[in-house]
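Have a look at the structure below, then the notes.
Within every chain, numbering begins at 1; the chains are lettered A, B, ... in the order of the sequence lines, protein sequences first and strands thereafter. Owing to the predicted nature of the structure, the values given are computational and were not obtained by experimental measurement.
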There are 2 protein chains.
Amino acid sequence: MSVIFSRQCEYALQAVLYLALKQNGEMTSIRELTKKLKIPYHFLAKILQSLAQKGLLSSLKGPTGGFSLGMPADEITLFHIVEAIDGVAFMHNCVLGFPDCSGENPCPVHERWGGLREELYSMLVSRNIGQMARELTKPEYKT
Amino acid sequence: MSVIFSRQCEYALQAVLYLALKQNGEMTSIRELTKKLKIPYHFLAKILQSLAQKGLLSSLKGPTGGFSLGMPADEITLFHIVEAIDGVAFMHNCVLGFPDCSGENPCPVHERWGGLREELYSMLVSRNIGQMARELTKPEYKT
DNA sequence: ACTTTACCAGACTTGTTAGTCTTAAATTAG
DNA sequence: CTAATTTAAGACTAACAAGTCTGGTAAAGT
Ligand code: FES
Ligand code: FES
């Protein structure tokens with residue numbers, strides 16, 4: 001199912017991109033998010049709580065409450081989210097699963113994967129979620 | 001823990017590379033493989049059985065029995081193994097987990113990931129396991 | 001034939017991730 | 001103040017992947 005990131009992480013990325021479209025300080029409820037993004041309600045709730053605890057989101061209770069980004073959208077990258085949910089192990093583990101990934105005793109694809117891993121990292125950090133969200137054409141992100 | 005492929009798949013790749021070093025027709029026992037590669041015995045047994053059923057390996061019972069490649073080492077690529085164990089979903093799923101991955105409604109990294117995915121595919125098919133195994137310097141693959 | 005060695009098949013257990021449910025606490029509107 | 005709404009917290013269940021165990025079958029050597 002998932003390619004690299006856990007399901008939790010995928011949901012987190014989708015939700016944060018959604019929040020990045022809102023005006024600064026505008027709150028979005030879990031209900032709206034699950035409705036738009038088709039993510040199980042309570043599961044998403046836990047994910048967002050976790051992101052809030054780490055400061056990536058801020059939350060407010062009560063009517064008119066909800067979640068918003070914890071910092072400006074142009075200071076957040078996809079990597080920040082991945083790091084918070086899945087961690088960075090995928091950046092230094094061997095893609096073939098060998099015990100250690102280093103130039104010492106490289107696996108057959110170590111060099112090649114090293115290049116890909118850098119590009120992957122770049123993909124996650126070279127643009128911020130503000131830019132990304134604005135250019136997004138997916139219908140579930142409109143209005 | 002694992003980057004892209006399941007643990008089963010990682011073990012399979014490691015084991016097949018080991019078998020690729022052996023002379024044509026020479027049999028290797030699960031015991032030797034688990035000893036060298038530090039893979040749980042019964043778990044590896046199941047994985048190799050599955051590969052044998054799919055024709056990627058051939059097996060022989062009894063003393064002097066074991067597993068060997070089911071076809072010449074220079075006709076097998078890492079992709080063949082991945083395909084047999086994990087399938088090819090990682091080649092067409094959205095890396096951010098969006099429901100469908102296509103140019104129609106691309107996610108923010110669709111184009112970028114498309115390129116990476118092609119390179120990843122190339123990494124898995126451009127060389128055969130015979131070449132790879134011969135160039136391998138990892139100590140556990142020596143004699 | 002008998003014994004040993006090794007794969008075969010499938011049930012079983014364990015651990016992790018995904019997903020659900022319930023109760024409490026905070027905030028807003030009337 | 002009260003009722004409605006929404007997040008917070010944590011226990012709980014379900015599904016899946018990882019790993020183990022047992023009894024069976026085929027081949028080799030004596
Ligand atoms: S050793 Fe395999 S990717 Fe580095
Ligand atoms: S839509 Fe995300 S990778 Fe294609």
Contacts table for residues 77-84 of chain A: side-chain donor-acceptor under 3.5 angstrom, sequence neighbours left out:
residue  : atom : partner  : partner atom : Å
Thr77(A) : OG1  : Phe79(A) : N            : 3.3
Thr77(A) : OG1  : His80(A) : N            : 3.4
Thr77(A) : OG1  : His80(A) : ND1          : 3.2
His80(A) : ND1  : Thr77(A) : N            : 2.9

Check your understanding: With sequence neighbours excluded, what pairs up with Asn128(A) under the side-chain hydrogen bond (donor to acceptor under 3.5 Å, both in side chains) test?
Key -> Gln131(A)
Exercise for review: Using a heavy-atom cut-off of under 4.0 Å over every strand shown, decide if Glu32(A) touches base, sugar-phosphate, or nothing.
Suggested key: nothing
Check your understanding: Are Glu140(A) and Lys35(A) close enough for a salt bridge, meaning some N to O gap below 4.0 Å?
Key -> no
Exercise for review: With sequence neighbours left out, write down each residue that passes salt bridge (charged side-chain N to carboxylate O under 4.0 Å, His left out) with Glu26(A), or none if nothing qualifies.
Suggested key: none
Point to revise | Integer-rounded Å distance: dA8(D) C1' and His42(A) NE2 | key: 13 Å
Check your understanding: Under the ring pair (Phe, Tyr, Trp, His ring centres under 6.0 Å) test, which residues partner Phe67(B), sequence neighbours left out?
Key -> none
Check your understanding: Residues from residues 12-26 of chain A sitting under 4.0 Å of DNA chain C, heavy atoms only?
Key -> none
Check your understanding: Where do Asn105(A) and Thr137(B) come nearest, in terms of heavy atoms and distance?
Key -> ND2-O, 3.4 Å
Practice item. Might you point out which heavy atoms bring Val95(B) and Glu10(A) nearest each other, and give the distance in Å? Key: O-OE2, 4.3 Å
Review point. Rounded to whole angstroms, how far apart are CD1 on Ile47(B) and C1' on dT20(D)?
Key: 13 Å
Exercise for review: List for me each residue that meets side-chain contact (heavy atoms from CB on, under 4.5 Å) alongside Leu136(B), sequence neighbours excluded, and say none if there are none.
Suggested key: Pro108(A), Lys138(B), Tyr141(B)
Review point. Is Ser126(B) reaching over with its side chain to a backbone N or O of Ser122(B), donor-acceptor style, under 3.5 angstrom?
Key: yes
N/O contacts under 3.5 Å, protein versus nucleotides 1-6 of chain D?
residue : atom : partner  : partner atom : Å
dT6(D)  : OP1  : Arg31(A) : NH2          : 3.2
dT6(D)  : OP2  : Arg31(A) : NH2          : 3.3
dT6(D)  : O4'  : Gly62(A) : O            : 3.2
dT6(D)  : O2   : Gly62(A) : N            : 3.3

Check your understanding: side-chain contact (heavy atoms from CB on, under 4.5 Å) with Ser68(A): which residues, sequence neighbours excluded?
Key -> Met27(A), Ser58(A)
Practice item. Apply side-chain hydrogen bond (donor to acceptor under 3.5 Å, both in side chains) to His110(B) and list each qualifying residue two or more places apart in sequence or on a separate chain. Key: none
Exercise for review: Look at all strands and tell whether Glu10(B) reaches a base, only sugar-phosphate, or nothing, counting heavy atoms closer than 4.0 Å.
Suggested key: nothing
Practice item. Report the residues that fulfil side-chain contact (heavy atoms from CB on, under 4.5 Å) with Pro40(B), sequence neighbours left out, ordered by chain and then residue number. Key: Tyr11(B), Phe43(B)
With 3.5 Å as the limit, what N/O pairs link the protein to nucleotides 13-18 of chain D?
residue : atom : partner : partner atom : Å
dA18(D) : OP1  : Arg7(B) : N            : 2.9

Point to revise | Leu21(A) to Ala133(A) - nearest heavy-atom pair and separation | key: CD2-O, 3.4 Å
Practice item. For DNA chain C, note the earliest and the latest nucleotide, 5' to 3', having some atom under 4.0 Å of a heavy atom belonging to chain A. Key: dA18(C) to dT28(C)
